[in-house]
Amino acid sequence: MGQPVRDYLLTLCVTAAVTYLLTGPVRKFAIAVGAMPAIRARDVHREPTPRLGGIAMFGGLCAGLIVADHLFNLNGVFELSNEPRALLSGAALIWLIGVLDDKFEIDALIKLGGQMIAAAVMVIQGLTILWLPIPGVGTVALTQWQGTLLTVALVVITINAVNFVDGLDGLAAGMVCIASAAFFLYTYRLWYGYGIEAAAPATLFAAILMGMCLGFLPHNMHPARIFMGDSGSMLIGLVLAAGAISVTGQVDPDAMKLFEGSERQATHAMLPVFIPLLLPLTIIAIPAADLILAIVRRTWNGQSPFAADRGHLHHRLLEIGHSHSRSVLIMYFWSALIAFGAVGYSVHSASLWIVLVIVGLSAVGLVLLLMPRFTPRAPHWAESFVPPRYRRRSHGEAVGGEAGDEGAPGAQHGPEGSQMASPEPERASVAVGVSGVNGATAIGPRSRFTDRDRADSPR
């Protein structure tokens with residue numbers, strides 16, 4: 001067990017290192033080519049910030065696949081399966097579409113078509129759902145068209161759910177990193193615990209996805225120096241969907257010996273078979289709920305369902321008084337609680353305690369962050385690894401109160417010590433042809449705002 005884990009860890013570290021090192025030059029490139037839109041009324045950041053961070057993330061993806069191909073315990077994935085090549089092909093296509101959109105703002109239908117084509121490219125090369133385990137029915141084989149449609153639908157939904165949550169600094173990358181960590185634990189258990197080789201590609205994809213997000217996060221945490229843009233959000237959404245597709249329908253119940261014992265025990269033991277269908281939904285549960293609520297809200301108000309606004313869950317956290325960083329952390333802990341909770345529900349072995357500890361810590365962290373008087377601070381030994389706002393201040397620095405843990409000008413504190421956004425002057429509207437920054441759906445154009453729109457208007 002130790003050697004495969006070390007290989008996965010090495011792949012993760014190489015992916016993270018390459019992504020981290022490429023992000024700096026990519027930021028300079030984005031500024032040079034003008035991929036740094038002006039601030040709009042609905043944006044929460046205060047300074048124009050370059051996009052195109054997906055270029056660095058795609059470089060990390062390529063580096064991770066190359067390293068894994070040369071590792072003894074992982075190169076079998078490339079020899080026995082065409083799924084890594086299928087992933088790379090689809091990722092390259094969706095990444096290219098995202099880069100063009102970050103710079104020139106592609107039409108919504110073109111982006112939607114590109115997402116479907118990228119999914120179809122993966123299907124043609126074998127990365128598709130072959131059959132489904134249906135509760136009470138058993139394993140149902142899918143026709144080619146059924147498998148293709150289901151695969152394309154899962155890819156498009158996941159891409160747009162991830163893109164939809166990309167509205168605060170570090171939010172999308174952190175949530176996807178947490179989700180991929182939970183998915184890694186699940187797929188690694190299938191591969192190593194049950195000896196199911198079909199789970200090996202999904203395990204590799206999860207490790208690489210964690211590396212992509214971890215390498216990009218230091219540049220993207222508030223205040224972000226660069227945004228991943230659609231080139232990054234659509235890319236990590238596709239990789240997340242590819243892992244779920246790779247393992248869905250590949251689990252052999254006979255190999256897992258799930259039908260031994262009573263009917264009730266067999267039904268309970270079948271949970272690991274159904275988790276590939278449920279885990280992607282739990283991973284994107286928060287952004288998916290946000291997506292559904294936004295579509296209902298916008299259509300109810302007579303707007304386009306793809307018109308960006310300030311009604312997302314993370315913006316509502318800001319409106320009720322949470323700071324930027326606290327809002328992001330709350331979303332992190334919610335994601336960890338849901339994703340690891342789903343994984344823990346499928347684990348019935350001695351390793352269950354690991355998942356339960358993560359779920360318990362996530363619940364405790366969520367409760368603490370929802371307490372308005374609690375201010376998260378890093379321990380002394382970790383202060384050099386975290387942003388200054390999480391470090392413990394000396395007595396001299398604390399005199400007169402904190403200036404706001406965001407360091408943002410004009411911040412105010414409510415009666416309970418929570419940060420509240422102060423009124424801001426109206427921001428100028430953006431001229432037609434200037435692309436937006438965060439929060440738009442991956443298939444929807446970024447809306448244009450008139451001079452009447454205010455920064456504190458509902459999003």
Side-chain angles (χ1 to χ4, degrees), residues 44 157-186 206 209-210 213-214 217 220-222 224 228 233 236-237 240-241 243-244 275 278-297 310-347 354-376 390 405-406 418-419 438-439 441 459:
V44 297
I157 292 173
T158 306
I159 287 176
N160 286 279
V162 172
N163 186 277
F164 210 77
V165 80
D166 185 23
L168 297 178
D169 297 347
L171 182 58
M175 290 182 65
V176 172
C177 183
I178 293 170
S180 56
F183 199 71
F184 176 84
L185 291 179
Y186 168 75
L209 184 56
M210 278 192 287
C213 296
L214 289 174
L217 270 174
N220 191 232
M221 294 300 293
H222 185 79
M228 67 173 67
S233 61
I236 61 177
L240 182 62
I275 286 298
L278 302 177
L279 191 56
L281 300 179
T282 60
I283 286 171
I284 63 173
I286 294 177
D290 197 6
L291 175 64
I292 295 173
L293 292 174
I295 292 176
V296 173
R297 179 179 66 251
R310 287 183 62 90
H312 301 301
L313 296 177
H314 44 273
H315 293 114
R316 295 187 181 276
L317 289 174
L318 295 176
E319 291 175 1
I320 63 178
H322 293 291
S323 66
H324 191 126
S325 297
R326 186 187 291 265
S327 300
V328 172
L329 288 175
I330 290 174
M331 298 289 282
Y332 281 179
F333 280 109
W334 267 122
S335 300
L337 190 63
I338 296 174
F340 284 97
V343 173
Y345 193 63
S346 69
V347 176
I354 300 177
V355 181
L356 292 180
V357 168
I358 298 176
V359 172
L361 292 176
S362 301
V364 171
L366 186 60
V367 171
L368 291 177
L369 287 172
L370 292 175
M371 296 171 59
R373 293 185 179 275
F374 174 75
T375 302
Y390 296 128
D405 76 338
E406 305 304 325
S418 59
Q419 184 179 355
N438 278 356
T441 59
R459 182 173 182 181

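Between D169 and A224, the shortest heavy-atom contact is OD2-N, 3.1 Å. Pairing each heavy atom of S327 with each of L168, the nearest pair is CB-CD1, 4.1 Å. Residue G237 comes nearest to V162 through the heavy atom pair CA-CG2, 3.9 Å, listed as atom of the first residue, atom of the second, then distance. Across all non-hydrogen atoms, the minimal contact from S362 to L337 is CB-N, 4.0 Å. Shortest non-hydrogen contact noted between I178 and A336 is CG2-CA, 3.5 Å. Of all the heavy atoms in L209 and S180, the pair that sits closest is CD2-CB, 3.8 Å.
Applying the ring-ring contact (aromatic ring centres under 6.0 Å, His included) rule to F184 yields the partners Y8, Y188; only residues at least two apart in sequence or on another chain are considered. Among residues two or more places apart in sequence or in another chain, the side chain to side chain contact (heavy atoms under 4.5 Å, CB included) test is passed with L217 by A173, M221, Y332.
Remark: I236 CD1 to T158 OG1 distance equals 11.5 Å, nearest 0.5 Å.
When side chains are defined from C-beta on, H222 does not count as touching V328, because their heavy atoms never get closer than 4.5 Å.
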